[in-house]
Structures are given as C-alpha cells and as structure tokens.
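In what follows, chains are A, B, ... by sequence order, proteins preceding strands, each numbered from 1.
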Amino acid sequence: MKQIIITVLTQALATCRAQGQLPAEATTEINVDRTRDSKHGDFASNIALVLAKPAKLNPRVLAEKIIAAIPATPTIAKVEIAGPGFINFFLQQDSIFAVVNTVLSQRERFGRSTIGAGQRIQVEFVSANPTGPLHVGHGRGAAYGSALASVLTAAGYNVDREYYVNDAGRQMDILAASVWLRYLELCGEAVVFPTNAYKGDYVWDIAATLHRDNAERYRTAWADVTGDLPADEPQGGDKEDYIDAIIARMKTLLSADDYRKVFDLGLHVILDDIRDDLQRFSVNYDQWYSERSLADSGAVQRALDKLQQNNHTYHHDGALWFRSTAFGDEKDRVLVRDNGQTTYFASDVAYHLDKFERGFDKVVNIWGADHHGYVPRVKGALQAMGIDPNRLTVLLVQFAILYQGGHKVQMSTRSGEFITLRELRKQVGSDATRFFYVMRKSEQHLDFDMDLAKSQSSDNPMYYIQYAHARVNSVLRKAEEKGWGFDQASGLAHLNLLTESHEQALLTALARYPEVIESAAKYYEPHQVTEYLRELAQHFHTYNNAHKFLVDDAALRNARLALILAVKHVVYNGLTILGVSAPESM
RNA sequence: GCCCUGGUAGCUCAGUGGAUAGAGCAGCCGCCUCCUAAGCGGCAGGUCGCCGGUUCAACUCCGGCCCAGGGCACCA
C-alpha cells in the first residue's frame, strides 16, 4: 500500500517537472508514513515540505501542485493538504477491508516480504566457550539472535544460523585441566584445586564420567603434578602462571592422545549440554562451526599469509603483528605469539575470511557488549584482506539484570556461581523468557523482572498477547457450540459491515504487520515485533470488550469472525518469529 | 585518558527528521445476568540529562559538557 503511494507521488513529481512547475534538480527520496491520527488519513508524505526550498515555493502551494498532478488511483479515496504542507492520503474502504482477505488466504505466509530476496545472510550468535553451561547473559544473545534470524527469514533473506565453537585455546585447556584435577581427587589424590580452574559442579560430573569409564588410567600422583611448579595465588604466586604451568605439566604427564581424550570429553559433554539447552529454548542452528577445524584445515595459515602478502603484518619482540592501527584500531594486534602459538584473534581473522569465502552477502555477528573493543580489529582485518568491512555488522547485546522479589539477583561468574539459562527457563518458562529477552532493543540494558515474567496476568505482556490468540479460538469454539460455525465466504463477502471504529483500527493494525516485519529486518530490531503484537492484542481486547462477535445477524457475525480470525493468524505469525508459542486455549 | 551503550511520566520502556511526545506498571475512579475480568474504560502524571548548532521542522542529526553501565591482553 505504501509502495502504491510512493509510486503515485513519483508520477506526480515527474508531471510537475515536465510542466516546469518543479526544477529538475529538486529531487529527494520520497517519504511516506502511516499517520498517527486517523483525522490525517491513512498515510502522509512530507514531500512538499522537503522540496519547498529547492522549488522556491511555499510548501502548501507546492503541495497543491503535486496533488493536482496525482493520477486517479482506485485504492486512494481522497488526498488533502494539512498543516504546514503535509499531503494526507485517505484509502478507499475496500482496500482497507482487503487485508482480511489477504491474511485468511496467506495465513502463515502473511507478512513475508521479498526485500531480502536473493541475498544470503549469516547470523552468528551465542558462540559461548564450551567451558560451562550457558548463563543468563548468553540467553539474551540466544533469544535475540534466533528472533533476528526469523525476522530476516520472513523478510525474504536466505538465512544461515551459526554457532562458532571455541574448541581450541587456553580456556579449553583450563577446562581439561579442571576436569583432570577433579578426576585425580576422585582417584583419592589430595589435590589443591587451582584458583583459576573451573569450579562448577558440572566439572565434577565430567570427572566422574571419566573415572567411571576409565578407572585410574589417567591417574598421577599429586606430588608429581605440582612438583617444582610456581606458587598459586593464595601462596603469593600468579594464578594465570600457575594454571598455565598445570596445563603444561598435564600435557607432559599424559600422552598427547590421553590429553586429547580428557579434553574432548569435557568439550563434548558441555557442548551437548549447550545444544540441548538451546534446543529446549527453541533456538536452532544450521551450522556448528569448529575453531579447531580452522587450524587443522590450514585456514588460519592461509589468512595469515594473505595479511602478510598484503604487507599488513610485521615482526616485533618475536611475535607476528597485524598493523590494525592502519585501519582505525587503537593499537596493533598480535597474530602469532613469541612462543609460536597463534592467538584467538588469528583464528577469528581466518574465521571471518572463511565466512565471506562461503559466499554470504552479509554477515551479522551478535556479541556481548563487553566485546565491543574487538570490532575495529576484525573489520580492519577484513579490509586488509580486501573484503568490504561494511558487509559485516556486529550487533552488541547489553547485559540482562535479573530482578526477583524487587531485588537484583546477584550474579558472579567467579567460583562458578551464576544463574544458568536452564535455571531461568525452569523458573520462568521458555516462552516468557524468550519474550522478555527480546522485548527491549538489544543495546538497552535489560531489567528482567522474573516475577512479572512468571505471573499469569494481563500485567505480563506475553500472556496478554497469547491470550488474544486463545480468545479468538475460544470465540470460534463457542460459535461451533451454538451451531453457527463460521462461514468464511459469507464473512469475506460482508466485510463492509465492519464500520465500527474498533474494527477500523484493527484493520489498520493488521495491514501494518508486513511493514513492521520489513522495518524489524532492516534495522535488526526484533523488539519492534513485540511492541507491535502488544498493540495488536490491545486493539483486539478493546474491540472484544466493546462489541459482541457472536451476534444473531449472520452476515455481521461472519464478517467479525473473519476479522478476528485474521488477528489470530497475525498474532500466531508474530509470536512464531519470536520463538514463543501461541496457545489455542489458556 | 580513550572507545562503546544508555539518560523520555514515580518505575520499566516505545518513539530510527514531522502534526497535540506515547504505552505498560504503580496511584485514583469506574465496568461481569453478557463469546475467558488472564479483559475493558476514565482521571492524573513531562524542562525528552544540560548548553550550543544544522533545518521550514529536532526526543530524533552534529559539537561540547554532566551522570550511569561496560570495554581498553602475546585471555577467550
């Protein structure tokens, strides 16, 4: 509909130019918006205000000329000048009713758009290190990424959802060491657990599995482990140096093969847990991409070669550096450490090169806000390798703060005490958790009110929306019980009986849905969908309260049922995008 | 110090250059003989952090300042 108006305005402007009423150089992008107030019609354009200056005309005079040049269009009933020079468009009633027909025939396809057609886009999200269960911070990234991917799919993009598995690197070594030390404890060794090791209970579980399946095969005397190692933090040493020394010792005491077995057990147990957790959260992936595979396949070396060939690297202090300052970063970054090991950053350069080599037109990374400092170096590396950095969008998700009983829920990632996503889902439920996570725009700090999310009242926006869906269903059931059923053909034939202001408002709301999807996709903002659904549900509940649907007049009754059935479809479509269920009854 | 986010009603937040800045909650007053009251209506509530600038038009864009949170590794 909006497109029709833009087309019509484009034609009108061309006519004005042809008649010499508007200078040829007076051009601008045509802006058409829905009006806030129905007195201003259905759509409005500010075109006359924008072009008034270049046209050297009073905006209202220019608006007159534009309106005079607008070709007759069946869907437009009336065009008016208002205020300082707005052009207001009033739609034909028939084209307003048409949305019901469209929704009922397209059903779950209603709202899909083609703005992304032919474009491949990758959304990478969560990608938490498999060193422990997901916590509530990851949950927000999961809900947001998943909803965004669905929005983009609805907008016509070919979307690929990916989880980057950090299955290499120091943190994973620390996990392997943590598992092994707990295992030694189970074997009866008097282990003093390192300050910097992972202390969560899940580490005990993995160690127990290791012990159950392998008995004492990996056992070493604790004295042989610590031997001549530096002191840990409580003894005045450095906890980082200490844990690194433990890892090195573990690698010498176990064969490479055995080390890998312990390492992989931890990795697989935790990754399986994460997979399970996300699946229960209705978050699914097309690809789980292994960091280790980048090194194994030589992709990391290829990326380093590429940077070196393009003269963007140098050697210093025994390390290989990327000159990221040449691309706006605040300092240069190490790719290969003086000990010969590549950095996480080197893997990430290779990973991002690989993403674009896989043929994605656009790549979206969803990161925690604490990683924002990382953006310039990754974009810099892409540019250094000859890839347009604007094809990569990094979306930063701020932290979620949980509130319960009016108080902030204390969280500490230290000593393994944190609220897991699983625990949150268990307490609040998957639907409400997902809804609350995406209710706010991602760059906003989120105050997550667990009591509200759990409450089954209209105060809870998710229940409010779900209830609209269930309520339509309830009315339809009642129609069956009364022996009337629902005659869709009759309803569609009598849409012109829907003249109440509540009905008109609802029709407009339904027609807005495709625009909301496009906007949410364009700005990567799924929260627009939650906002919209709340408004739609509100229009519905208000209507329900003001008018009876199941009236004796069959024509009116069927028309109303057609309208509310359309509402049901749209609520379903929107909730589905958000990963929230739409119950038939509540 | 530098970099990223925020600052809009008592609280939580929409508002992505337009018309009189909106919603939910909290507060006050009302609405079930009726398809689910898990609902609806009304009242009250604002220096859009502050100061400049751009524009016909600024909560929105630009600059400076103040406040809050986060980030500034040869960790991941």
Side-chain angles (χ1 to χ4, degrees), chain A residues 31 33 35-37 39-40 44-46 48-50 52-53 58-59 82-86 88 127-129 131 166 168-172 174 240 244 291 316-321 329-331 333-339 341-345 347-348 368-376 396-399 401 403 439-447 449 452 455-461 463-464 466-468 470-479 481-482 519 522-523 525 527-528 530-532 534-535 537-538 540-551 560-561 564 585-586:
Chain A
N31 217 323
D33 288 305
T35 56
R36 193 188 295 274
D37 187 337
K39 287 201 291 287
H40 297 139
S45 179
N46 61 356
L49 292 160
V50 177
K53 196 167 215 178
N58 173 302
F86 289 106
N88 292 338
S127 301
N129 287 341
T131 53
N166 298 118
R170 180 165 174 268
Q171 295 303 320
M172 288 306 296
I174 294 176
E240 304 289 350
D244 283 340
E291 177 187 357
H316 179 70
D317 286 347
L320 180 70
W321 296 71
D329 198 5
E330 47 192 25
K331 53 182 288 193
R333 308 294 172 175
V334 171
L335 293 163
V336 184
R337 284 184 257 171
D338 56 7
N339 64 9
Q341 286 188 316
T342 55
T343 58
Y344 174 86
F345 176 55
S347 297
D348 232 10
D370 53 336
H371 284 68
H372 91 268
Y374 211 75
V375 178
L396 301 173
V397 177
Q398 292 286 347
F399 300 114
I401 301 161
Y403 285 84
M439 196 163 56
R440 304 302 180 206
K441 58 203 292 190
S442 60
E443 61 264 39
Q444 274 277 8
H445 294 258
L446 173 71
D447 284 335
D449 185 337
L452 179 61
S455 79
Q456 302 201 354
S457 76
S458 59
D459 298 353
N460 182 339
Y463 275 91
Y464 184 77
Q466 286 185 324
Y467 181 45
R471 201 170 211 178
V472 172
N473 210 50
S474 163
V475 173
L476 291 171
R477 258 198 322 266
K478 207 79 186 177
E481 283 170 23
K482 291 200 175 199
S519 176
K522 186 174 167 191
Y523 295 104
E525 291 184 347
H527 81 273
Q528 290 191 27
T530 64
E531 196 70 19
Y532 166 81
R534 204 193 47 71
E535 284 171 27
Q538 183 169 45
F540 170 74
H541 288 310
T542 302
Y543 176 37
N544 169 73
N545 214 258
H547 299 283
K548 207 169 155 66
F549 305 137
L550 299 177
V551 291
R560 287 181 170 174
L561 290 178
I564 66 170
S585 68
M586 292 172 75

Measure the distance from [atom1] on [X] to [atom2] on [N] and round it to the nearest whole Å.
| X | N | atom1 | atom2 | answer |
| --- | --- | --- | --- | --- |
| A/Gln398 | B/G69 | CD | P | 13 Å |
| A/His445 | B/G69 | NE2 | C1' | 4 Å |
| A/Glu443 | B/G71 | CD | C1' | 17 Å |
| A/His372 | B/C72 | NE2 | P | 9 Å |
| A/Asp244 | B/C75 | CG | P | 9 Å |

Remember a base hit wins even if backbone is also touched, and classify [X] as base, sugar-phosphate or nothing at under 4.0 Å, heavy atoms.
| X | answer |
| --- | --- |
| A/Asn544 | base |
| A/Asp449 | nothing |
| A/Asp459 | sugar-phosphate |
| A/Ala44 | base |
| A/His40 | base |
| A/Arg534 | sugar-phosphate |

Closest to side chain of [X], choosing from [options]:
| X | options | answer |
| --- | --- | --- |
| A/Leu396 | B/C74, B/C35, B/C4 | B/C4 |
| A/Tyr374 | B/A76, B/A38, B/U12 | B/A76 |
| A/Lys331 | B/A73, B/A19, B/C56 | B/A73 |
| A/Lys441 | B/C13, B/G18, B/G15 | B/G15 |
| A/Gln444 | B/G6, B/G18, B/C35 | B/G6 |

Has the side chain of [X] got a donor or acceptor that lies under 3.5 Å from a partner of the other kind on the base of [N]?
| X | N | answer |
| --- | --- | --- |
| A/Asn88 | B/A19 | yes |
| A/Asp370 | B/G70 | no |
| A/His541 | B/A37 | no |

Item to check | Approximate separation, where rounding is to 0.5 Å, of A/Lys441 NZ and A/Glu531 CD | outcome: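 Those atoms lie 11.0 Å apart.
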Next on the checklist: Distance check, rounded to the nearest 0.5 Å: A/Tyr403 atom OH versus A/Asp447 atom CG?
Outcome noted: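 Going from the OH atom of A/Tyr403 to the CG atom of A/Asp447 covers 4.0 Å.
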Checklist entry - Where is the tightest heavy-atom contact between A/Glu443 and A/Gln398, given as atom of each residue plus distance? => result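 Heavy atoms of A/Glu443 and A/Gln398 come nearest at O-CG, 3.0 Å.
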Item to check | Between A/Arg471 and A/His541: side-chain donor-acceptor atoms closer than 3.5 Å | outcome: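 Short answer, yes.
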Checklist entry - Expressed as a whole number of Å, how far does the C1' atom of B/G24 sit from that of B/G15? => result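 One C1' to the other, the span is 15 Å.
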Using Watson-Crick or G-U wobble geometry with both distances under 3.5 Å, which nucleotide pairs with [N]?
| N | result |
| --- | --- |
| B/G63 | B/C51 |
| B/G46 | none |
| B/A57 | none |
| B/A23 | B/U12 |

Next on the checklist: Tell me whether the ring of A/Phe86 lies stacked over the B/A19 base, given a 5.5 Å limit on centroids and a 30° limit on the plane angle.
Outcome noted: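 Stacking is present between B/A19 and A/Phe86, given that their ring centres fall under 5.5 Å apart and the planes under 30°.
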Checklist entry - Starting at the 5' end of RNA chain B, which residue's closest nucleotide do you reach first, A/Tyr523 or A/Lys548? => result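 Final value for this comparison: A/Tyr523.
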Checklist entry - Is the shortest side-chain N/O distance from A/Tyr464 to OP1 or OP2 of B/C40 below 4.0 Å? => result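 The answer is yes; a side-chain N or O of A/Tyr464 sits under 4.0 Å from OP1 or OP2.
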